[in-house]
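Notes follow the structure.
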Amino acid sequence: MPNFTRLTTEFQIRVLARLITRMGPENAAWLARRVMRDRRDANTRAFAAFSQQCVEAWKNRQYDVHLNGEAALLAALAPFKPSVLFDVGANIGEWSLAAAALLPDARLHAFEITPATAETLAVNAAPFGQRLTIHPFGLGDHEGAITVYLSPRHDTANSTLRDAVTVSADGNDDATIAEVAARVTTGDAFLAEHGIAHVDFLKIDVEGAEFSVLNGFQNAFARNAIDLVQFEYGEINLKTRDFLEDYYKFFTARGFVVGKLYPEGVMFKPYAIADEDFLGPNYIACRAERADLIAALRFPDMAPGPSVTATS
């Protein structure tokens with residue numbers, strides 16, 4: 001689409017948005033019903049799809065670390081000089097590479113359970129030398145052998161939970177799920193083995209197995225040895241039955257505050273059932289006593305935005 005067309009369309013949509021704001025909720029609901037009344041019309045379907053895209057963009061359903069706030073958060077951490085970062089579920093290293101570049105004084109441990117992916121990760125991490133150590137195994141709630149399920153065409157969907165892989169495989173029209181043998185250890189065992197007393201930032205992206213990883217750090221959480229945690233939440237949680245509320249309960253019971261990550265920062269707030277939208281992708285938990293971190297990372301509260309609840 002030519003840029004002129006994009007700019008013209010954006011201007012018209014912004015005018016429409018201002019008009020809707022002036023209409024008030026009741027008239028806006030009437031307009032929405034009227035515009036969508038012919039569900040078979042191609043223009044109606046296109047507008048409905050675009051409206052959904054707007055909601056997802058507003059809710060930051062974005063997986064590029066340089067666009068969704070992940071890299072911005074790492075940059076915001078630079079003044080605090082974090083020394084130890086864990087990337088659990090590192091895949092080919094997009095987050096780890098960004099962290100290594102933005103936090104030159106940090107030591108990073110990247111864990112990738114899938115053997116072939118771990119080999120690619122090691123190649124990508126090589127320029128950072130010993131600052132970025134690759135561990136070709138996973139972290140979980142036990143030590144030993146485990147099966148990893150793979151979506152051959154989409155390595156970001158690999159998981160130790162078969163049901164979790166089916167979510168991504170279905171979404172990508174990939175009916176073939178392969179299996180590979182791998183191993184896991186617990187976070188607590190790894191910390192003890194390597195003599196690591198404190199983790200400044202624990203990032204977890206393990207396609208539905210987040211609670212297994214978290215439960216493997218029980219001792220570390222008990223002694224306040226982890227300051228900041230990033231975890232992923234989305235459609236996969238419909239399969240795992242681990243809801244956003246469960247994450248809030250886990251972290252608040254351990255003295256953390258929780259919020260969703262946006263490009264502008266973290267919106268720390270109490271849990272609300274309206275947040276249970278399965279859009280994700282990333283949430284941040286920070287120890288409540290680290291008021292300095294919370295202040296540096298916080299995204300100021302916004303007015304209520306798009307809601308998935310029906311308006312009569």
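As the structure is a computational prediction, the values presented were derived from the model and not from experiment.
Looking at heavy atoms from C-beta onward, E143 lies out of side-chain contact with V184 at the 4.5 angstrom threshold. Taking 4.5 Å as the limit, every side-chain heavy atom of V88 sits out of range of all side-chain heavy atoms of K203.
The residues D41 and R39 are annotated as not salt-bridged, no charged nitrogen and carboxylate oxygen being separated by less than 4.0 angstrom. Residues R6 and E10 are not paired through a salt bridge, judged by the lack of any N-O separation under 4.0 Å between the basic side chain and the carboxylate. Checked for salt-bridge contact, K269 and D275 meet the test: a charged N lies under 4.0 Å from a carboxylate O. Between R61 and E235 there is a salt bridge, with a side-chain nitrogen of the basic residue lying less than 4.0 Å from a carboxylate oxygen of the acidic one.
Side chain to side chain, T133 and R107 meet the donor-acceptor criterion of an N or O pair below 3.5 Å. Side-chain contact check for E56 and Q62: no donor-acceptor pair (N or O, by modelled atom type) lies under 3.5 Å. Counted by atom type alone, S83 and D105 present zero donor-acceptor pairs between their side chains at under 3.5 Å. Using a 3.5 Å distance cut-off with no hydrogens or angles, the side chains of D38 and T44 do not pair a donor with an acceptor.
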### Query
N215 and Q218: side-chain hydrogen bond (donor to acceptor under 3.5 Å, both in side chains), yes or no, with the steps?
CA-CA 5 Å; N215 288 327; Q218 290 286 8; 3.1 Å; yes
### Query
Could you go step by step and tell me if H198 and D227 meet the side-chain hydrogen bond (donor to acceptor under 3.5 Å, both in side chains) rule?
CA-CA 8 Å; H198 189 90; D227 286 339; 2.9 Å; yes
### Message
Show, in sequence, the C-alpha distance, side-chain angles and deciding distance for E276 and Y233, and conclude whether the side-chain hydrogen bond (donor to acceptor under 3.5 Å, both in side chains) test is met.
### Response
CA-CA 10 Å; E276 208 76 70; Y233 159 86; 3.0 Å; yes
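Note: F86 and F201 fail the aromatic proximity criterion, with ring centroids not under 6.0 Å apart. Taking the six-membered ring for Trp and the full ring otherwise, the centers of F211 and Y247 sit less than 6.0 Å from each other.
Linking Ile, Leu, Val, Met, Phe, Trp and Tyr whenever their side-chain heavy atoms come within less than 4.5 Å leaves I284 and Y63 in two separate clusters.
At least one cation-pi condition fails for R241 and F243: the charged atom is not both under 6.0 angstrom from the six-membered ring centre and inside a 45 degree cone around its axis.
Screening F250, Y248, F268, F221 for a ring-ring contact (aromatic ring centres under 6.0 Å, His included) involving F256 leaves a single residue, F221.
Using a 30° and 60° split on the angle between ring planes, F111 and F137 fall in the perpendicular class, above 60°.
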